[in-house]
Amino acid sequence: MNNFHELWLYWEIFMLFILITYVPNWLIFLLDLFIGVVAAVVMFLFLSGGLVLDPQFDIQLYSIVIFFTVVAGYIFSYSNKKGQLALEKNAALQALAVGIAHEMRNPLGQVRYNLEAIQDALPVYYPGKSVHQIDEDVLEKVYAGIAQGQMALHRGVQVIDMILEEVKNEVPYSSAFTYLSAAIVTRQALDEYAYESDEERRKIQISVEDDFMFKGVESMYVFVLFNLVMNALYFLRLYSKGGIFITISRGERMNSVLVRDTGPGIGKENLARIFDTFFTSGKKGGTGLGLAYCKRAMHLFGGDITCDSVQGKYTEFTLSFPVLGENELSNYEEQLYRDNREAFTGKRLLLADHDEEHREMIKSMLKPLGLEIDIAEDGGIAFEKISSGHYDLLLCEMALPVYDGFRLTALLTVSGGINLKLPIVTYSSEPAYLYCGRAGKTGISVLLSKPLMLQPLVSGLSAALRMKTEMSERKDLSHKNVLLVDDSSVNRIAVKAMLRQLGIGSVVEAANGVDALDILEKTPLDLLLLDIQMPVLDGLEVAKRLRKGDSINRSIPIIAMSGESDRTVIQEAIGSGMNAYLVKPVDRLIMQQKILQAL
C-alpha cells in the first residue's frame, strides 16, 4: 500500500526478527509467515483500488538481508532459550535445596528434642562416680526417646526420597504397591505424626463411616496425610477453637478420605493453583512441593485429590480412590497365600492372646497357610507350653496377662533362656515404633500394630521365619576377609561395627578407589563393600576395572553403598559389575542380610 517504501521495508525486517524470538519453532514460524503474507496480499487486492506497484528497491539485496535476518533471529532465539532453561534449572535446584532444608527441619528437630530428653533422663555421671541401677521410669523415657528419634530419622530419609521423586518425576516400583485398609493406615499414620503438643493431637478427630481397601504405597499415602495435617495445624495455630476432621467412607464409583479443617480457608485466587509445583501461599517458608506431591501420589493410586474452601470458614481436601472389585481383592489374598504356603505348611505356631474373639480372627486369617496353631490365654501359659513342647513361631499380644510380651520374650531368649532361636512376632494397639528399641534388645523379631491386616501379618511371620533360618544356617565367619571402602571415616566405623557383630574375622579399610585397587591386587578377600561417591577414583570405576582386570579378586562379591537413590545410578552400579546396592543411611538388618547372602 506504501509502494514498498524503504521505511516499511526496514520495519518488516525488524518485525521478522521479533517474530522469531517469540516463535522459536521454525515450522510454526514459516506457517505464521506464510499466513501473514497471504493475508497481506488478500487485503491489498480488496483495498488497493487499482494501485499500480512500482518497486524501486534491489529485490536481490533485500532477499539476502531477509535471509540473514532470519538466521540471526534464530541464533538469538536459541541463545535466549538456553539462558531461560539455565535460569529455570537454577530456580528448580534452589527450590529443591530449600525444600529439603525446610522439610528436614521437622525430623531433625525431633531428633534433637529426643536426644535432649534422653540426656535429661539419664543420671549425672563422671569418671569415678558410682552409678546406681537406673529405675524403670528413666529407662522408659530413654527407650521412648530412642524410638521416636529413629522414627524421625526414618521419616526424614523418606522426605528426601519424596522430594527427589517429585523433582525427577519418578514412578515407584510396582512391587511397592500393596492393598491397604484406609482406616488402619490412617490411624497408624496419625499415631506416628510428631505433634508439638497433646493439644494439637486432640484437635484431630477420625470418623470411619465405612472402611475400604485401596491399592497404593503406604509411605506415599502417609506423606499425603502428613502434608495435609501439617498444613492444617500450621494455620490452626492462629485459631484456638479450630479442629481437623477426617472422614473415611465408601462410594459407588470412588471411595474417599476427607480431611477438613475449620481454619482460615484458602482464597479463590489461590484455590486453582495450590497443586502447582513450587506454588505456595500464606505459609511462611513453604516450598510448594507438598501438595504437588499429594496430587502426583493420588494419581499413581488411580485416584485424585481435590480441594474445596471458603475463606474464613473451612478447607476440605478430598482424597478419592477407585473402588476395588471383590475378585481383585480375593485374587490378591489367594496369591499371597500361594506365595507363602510352602514356607508355613507343617510349621507349629503358638498364638498368645487374652481376647478369644481376636484369637479366632487371627486363626481364620492364618488357616489357609497350613499352620498348626496352639492357643495360650496369657504369658504364663505360653511360657509353660514353649517349655514343654516344640514351636516354630510365637505370635503374641504385647499386653498379655501374667507375663507381657517383653517379659515373656526375655524369659525365652535372654542368656540361659529355654528357646534362644524361637522367632517371636508381637503386636500391640500402641504404635509399633515405640517398642522398636526394646524389641531389638529382648529378641523380638517383628513388631506389628493392631488391628492386624493380612499382608503385614503374613509378611511379618515370613520375615521372622527367614531370620530363624539365616541364624540356624549361619556359619563361622571368623575366617572371612572384607574390604571396606568409604571416604567417610564415620561411615567406616559404623559399618565396621556391624561386621564385627556378624563375626567377620578381618576388616581391611580404604578411603578411596586407588588405595582399594592396590589392596585388591595384593590381598585375597571374600567381600568388597564399596562406596560410590569417592574422591580420586569413584566406586563405579573401581568395579569396572576390577571386573575387566586379571586381579585375584576379579570375581569377588561387591555390595555398593551410596546416598544416591536415583534409579539410573543403581542400574549403572549393577551394570558395572556390582552384586547388590544399599542406599545410605543403611538399615542394619538389611545390610547384614545382604552380607550373609554374599558370603
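- With a 6.0 Å radius and a threshold of 12 heavy atoms from other residues, nucleotides or ligands, R112 has its CZ atom at or below the threshold.
- Among residues two or more places apart in sequence or in another chain, the side-chain hydrogen bond (donor to acceptor under 3.5 Å, both in side chains) test is passed with Q455 by S459.
- Contact check for N3 versus W8: no side-chain heavy atoms found under the 4.5 Å cut-off.
- Nearest approach of I248 to A182, heavy atoms of both residues: CD1-O, 3.8 Å.
- Taking the side-chain contact (heavy atoms from CB on, under 4.5 Å) definition, one finds that A510 meets it with L483, V485, D515, A516, I519, sequence neighbours left out.
- The shortest distance between side-chain heavy atoms of V542 and I558 does not fall below 4.5 Å.
- Surrounding CZ of F68 are at most 12 heavy atoms belonging to other residues, nucleotides or ligands under 6.0 Å away.
- Contacts of D339 classified as salt bridge (charged side-chain N to carboxylate O under 4.0 Å, His left out), with partners at least two apart in sequence or in another chain: none.
- For H5, the side-chain hydrogen bond (donor to acceptor under 3.5 Å, both in side chains) test picks out no residue, with sequence neighbours left out.
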Task: Verdict with supporting geometry, W11 and L7, side-chain contact (heavy atoms from CB on, under 4.5 Å) - done: CA-CA 6 Å; W11 186 251; L7 178 63; 5.8 Å; no

Only pairs under 3.5 Å count here: list side-chain donor-acceptor contacts from residues 310-317, not counting sequence neighbours, and write none if there are none.
| unit_1 | atom_1 | unit_2 | atom_2 | d |
| --- | --- | --- | --- | --- |
| Y314 | OH | D308 | OD2 | 2.8 |
| T315 | OG1 | S309 | OG | 3.1 |
| E316 | OE2 | R260 | NH1 | 3.3 |

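- Looking at every heavy atom in both residues, L527 comes nearest to P557 through CD1-O, 3.5 Å.
- Residues I13 and I66 have side chains in contact (heavy-atom distance under 4.5 Å, counting atoms from C-beta outward).
- A donor-acceptor pair under 3.5 Å is formed between the side chain of K295 and the backbone N or O of I305.
- Using a 4.5 Å cut-off on side-chain heavy atoms (C-beta onward), Y221 and F214 make contact.
- How far CG of L582 is from CG of L529: 8.0 Å, rounded to the nearest 0.5 Å.
- Within the 4.5 Å cutoff, the side chain of N491 has no heavy atoms near those of the M561 side chain.
- Residues M298 and F321 meet the side-chain proximity criterion, which asks for heavy atoms closer than 4.5 Å.
- Closest of all the heavy-atom pairs between G563 and Q533 is N-OE1, 4.1 Å.
- Annotation: side chain of Y179 is in contact with side chain of L324 (closest heavy-atom distance under 4.5 Å).
- Remark: side-chain polar atoms of N512 are not paired, donor with acceptor, to backbone N or O of V536 under 3.5 angstrom.
- Remark: L27 pairs with N25 by the side-chain contact (heavy atoms from CB on, under 4.5 Å) rule, at least two apart or across chains.
- Although no hydrogens or angles enter the test, the distance criterion places no donor-acceptor pair under 3.5 Å between the side chain of T247 and the main chain of S207.
- Taking the six-membered ring where tryptophan is involved, the planes of F223 and F226 are perpendicular, since the angle between them exceeds 60° and thus also 30°.
- Here E200 pairs with R237 under the salt bridge (charged side-chain N to carboxylate O under 4.0 Å, His left out) rule; sequence neighbours left out.
- With sequence neighbours left out, S256 forms a side-chain contact (heavy atoms from CB on, under 4.5 Å) with S249, L258, T318.
- Side chain of S576 to main chain of A573: a donor-acceptor pair is present (N/O by atom type, distance under 3.5 Å, no hydrogens or angles).
- Residues M254 and G303 share a closest heavy-atom pair of CE-CA, 4.1 Å.
- Between atom CZ of residue R545 and atom CD of residue E541 there is a gap of 4.5 Å, rounded to the nearest 0.5 Å.
- Here the closest non-hydrogen pair linking G539 and M578 is O-CE, 3.4 Å.
- The backbone N or O of M534 lies less than 3.5 Å from no partner atom in the side chain of D538, so there is not a single donor-acceptor pair.
- Across all their heavy atoms, T69 and I20 have their closest contact at O-CD1, 4.2 Å.
- The only option from L228, V259, I266 that meets the side chain to side chain contact (heavy atoms under 4.5 Å, CB included) definition with C307 turns out to be I266.
- Note on residues 33-54: pairs passing side chain to side chain donor-acceptor pair (under 3.5 Å), not counting sequence neighbours, are D54-Q56.
- Using modelled atom types, one finds a donor on one side chain and an acceptor on the other under 3.5 Å when comparing E6 with Y10.
- Every side-chain contact (heavy atoms from CB on, under 4.5 Å) that F245 has, sequence neighbours left out, goes to Q205, T262.
- Contact of the N553 side chain with the L528 side chain is not registered, since no non-hydrogen atoms from C-beta on lie closer than 4.5 Å.
- Relative ring orientation between F301 and F177 is described as perpendicular, the plane-to-plane angle rising above 60° on a 0-90° scale split at 30° and 60°.
- For R554, there are no side-chain hydrogen bond (donor to acceptor under 3.5 Å, both in side chains) partners two or more places apart in sequence or in a different chain.
- Pairs engaging residues 568-586 under the salt bridge (Lys or Arg N to Asp or Glu O under 4.0 Å) rule: D486-K584, D531-K584 [sequence neighbours left out].
- The number of heavy atoms from other shown groups lying within 6.0 Å of CD (Q60) does not exceed 12.
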